[in-house]
*Asks:* 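This is the structure I have questions about; it appears just below.
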Amino acid sequence: QVQLVESGGGLVQAGGSLRLSCAASGRTFSNYAMGWFRQAPGKEREFVATIDWSGTNTYYTDSVKGRFTISRDNAKNTVYLQMNSLKPEDTAVYYCAARTWGTAGTQVREYDYWGQGTQVTVSS
């Protein structure tokens with residue numbers, strides 16, 4: 001079993017930055033691919049970014065490319081999402097997810113464990 005706890009959300013003005021963190025329990029964190037997803041009110045949960053078990057391969061949804069960066073520290077059992085140049089349309093609850101298969105995944109159904117989410121609000 002893996003528990004995921006997100007932190008770092010908040011209210012920021014457009015153009016600002018936030019860094020989300022996701023702390024994972026368990027000794028097998030380094031075997032898992034990790035992902036960030038988000039869900040805005042009235043919308044489905046959508047993929048944002050993913051990173052494989054080693055940190056070598058990362059993928060992003062088109063709308064965040066060049067603005068967001070996913071990274072991980074396996075020694076700290078933590079994955080990060082650095083968000084720069086934030087836009088009002090980035091407003092959502094952001095979820096961290098773990099995939100027991102080590103290769104990066106972009107689909108909600110590919111992930112086995114989820115955090116409780118952290119709210120990100122970007123004002124215009």
*Asks:* Identify the two heavy atoms, one from Ala97 and one from Tyr111, that lie closest to each other, and give their separation to 0.1 Å.
*Replies:* CB-CD2, 3.5 Å
*Asks:* Do Val64 and Tyr80 sit in the same hydrophobic cluster, where Ile, Leu, Val, Met, Phe, Trp and Tyr count as joined when their side-chain heavy atoms come under 4.5 Å apart?
*Replies:* no
*Asks:* Is a donor from one side chain sitting under 3.5 angstrom from an acceptor on the other, for Asp73 and Thr78?
*Replies:* no
*Asks:* According to a 4.5 Å side-chain heavy-atom criterion applied to Ile, Leu, Val, Met, Phe, Trp and Tyr, with indirect links allowed, do Leu20 and Val12 form part of one hydrophobic cluster?
*Replies:*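 Both belong to a single hydrophobic cluster.
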*Asks:* Determine whether Val108 and Trp114 satisfy the following criterion, side-chain contact (heavy atoms from CB on, under 4.5 Å), listing intermediate values before the conclusion.
*Replies:* CA-CA 10 Å; Val108 170; Trp114 293 85; 3.7 Å; yes
*Asks:* Considering non-hydrogen atoms only, spot the tightest contact between Val93 and Gly117 and give its length.
*Replies:*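 Minimum heavy-atom contact is CG1-CA, 3.8 Å.
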*Asks:* Do Asn74 and Arg72 come close enough that some side-chain heavy atom pair is under 4.5 Å?
*Replies:*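 In contact.
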*Asks:* Determine whether a donor-acceptor pair (N or O, by modelled atom type, separation under 3.5 Å) exists between the side chain of Gln13 and the backbone of Ser123.
*Replies:*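 No, because the side chain of Gln13 does not come within donor-acceptor range (under 3.5 Å) of the backbone of Ser123.
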*Asks:* Using ring pair (Phe, Tyr, Trp, His ring centres under 6.0 Å) as the criterion, list what pairs up with Phe29, not counting sequence neighbours.
*Replies:*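 Result, ring pair (Phe, Tyr, Trp, His ring centres under 6.0 Å) vs Phe29: none returned.
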*Asks:* Name all pairs fulfilling the salt bridge (Lys or Arg N to Asp or Glu O under 4.0 Å) condition that reach into residues 39-54, sequence neighbours left out, sorted by first residue then second.
*Replies:*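 Sorted pair list: Arg38-Glu46.
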*Asks:* Under 3.5 Å, is there a donor-acceptor pair linking the side chains of Tyr113 and Ser25?
*Replies:*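 No pair is found: no donor N or O on one side chain lies under 3.5 Å from an acceptor on the other.
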*Asks:* On a heavy-atom basis, which atom in Val79 and which in Cys96 lie closest, and how many Å separate them?
*Replies:* CG1-SG, 3.8 Å
*Asks:* On the 0 to 90° scale, with breaks at 30° and 60°, tag the Phe68-Tyr94 ring pair as parallel, tilted or perpendicular.
*Replies:* tilted
*Asks:* Quick one, Arg19 and Leu81 - any side-chain contact, counting heavy atoms below 4.5 Å?
*Replies:* no
*Asks:* Do Gln82 and Ser17 touch side chain to side chain, with heavy atoms closer than 4.5 Å?
*Replies:* yes
*Asks:* Identify the two heavy atoms, one from Leu4 and one from Cys22, that lie closest to each other, and give their separation to 0.1 Å.
*Replies:*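 So the minimum-distance heavy-atom pair works out to CB-SG, 3.9 Å.
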*Asks:* Considering only residues two or more places apart or on different chains, which pairs with a residue in residues 100-116 satisfy salt bridge (Lys or Arg N to Asp or Glu O under 4.0 Å)?
*Replies:*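 Sorted result for residues 100-116: Arg99-Glu110.
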*Asks:* Indicate if Phe37 and Leu86 have the same hydrophobic cluster label, given that clusters are the connected sets of ILVMFWY residues with side-chain heavy-atom separations under 4.5 angstrom.
*Replies:* no
*Asks:* Quick check: closest heavy atoms across Ala14 and Ser124, and the distance to 0.1 Å?
*Replies:* CB-CA, 4.4 Å
*Asks:* Yes or no on salt bridge (charged side-chain N to carboxylate O under 4.0 Å, His left out) for Lys65 and Asp62, after CA distance, side-chain angles and deciding distance?
*Replies:* CA-CA 5 Å; Lys65 285 181 181 177; Asp62 286 346; 3.0 Å; yes
*Asks:* Using every non-hydrogen atom in the two residues, find where Gln116 and Val5 come nearest and quote the distance to one decimal.
*Replies:* OE1-CA, 3.8 Å
*Asks:* Might you work through the side-chain hydrogen bond (donor to acceptor under 3.5 Å, both in side chains) test for Gln119 and Thr121, ending with a clear yes or no?
*Replies:* CA-CA 6 Å; Gln119 177 70 47; Thr121 303; 3.3 Å; yes
*Asks:* With hydrophobic residues grouped by side-chain heavy-atom distances under 4.5 Å, do Tyr60 and Trp36 end up in a single group?
*Replies:*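 In one cluster with Tyr60: Trp36, yes.
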*Asks:* Any chance you could measure Asn57, atom CG, to Thr103, atom OG1, to the nearest 0.5 Å?
*Replies:* 9.5 Å
*Asks:* So Asn31 and Thr100, do their side chains get closer than 4.5 Å, heavy atoms only?
*Replies:* no
*Asks:* Is a donor on one side and an acceptor on the other found under 3.5 Å between the side chain of Thr58 and the backbone of Thr50?
*Replies:*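 Checking the backbone N and O of Thr50 against the side chain of Thr58, no donor-acceptor pair under 3.5 Å is found.
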*Asks:* Under a 4.5 Å side-chain heavy-atom rule over Ile, Leu, Val, Met, Phe, Trp and Tyr, are Tyr95 and Ile70 clustered together?
*Replies:* no
*Asks:* Hey, is the main chain of Ser85 close enough, under 3.5 Å, to the side chain of Arg67 for a donor-acceptor pair?
*Replies:* yes
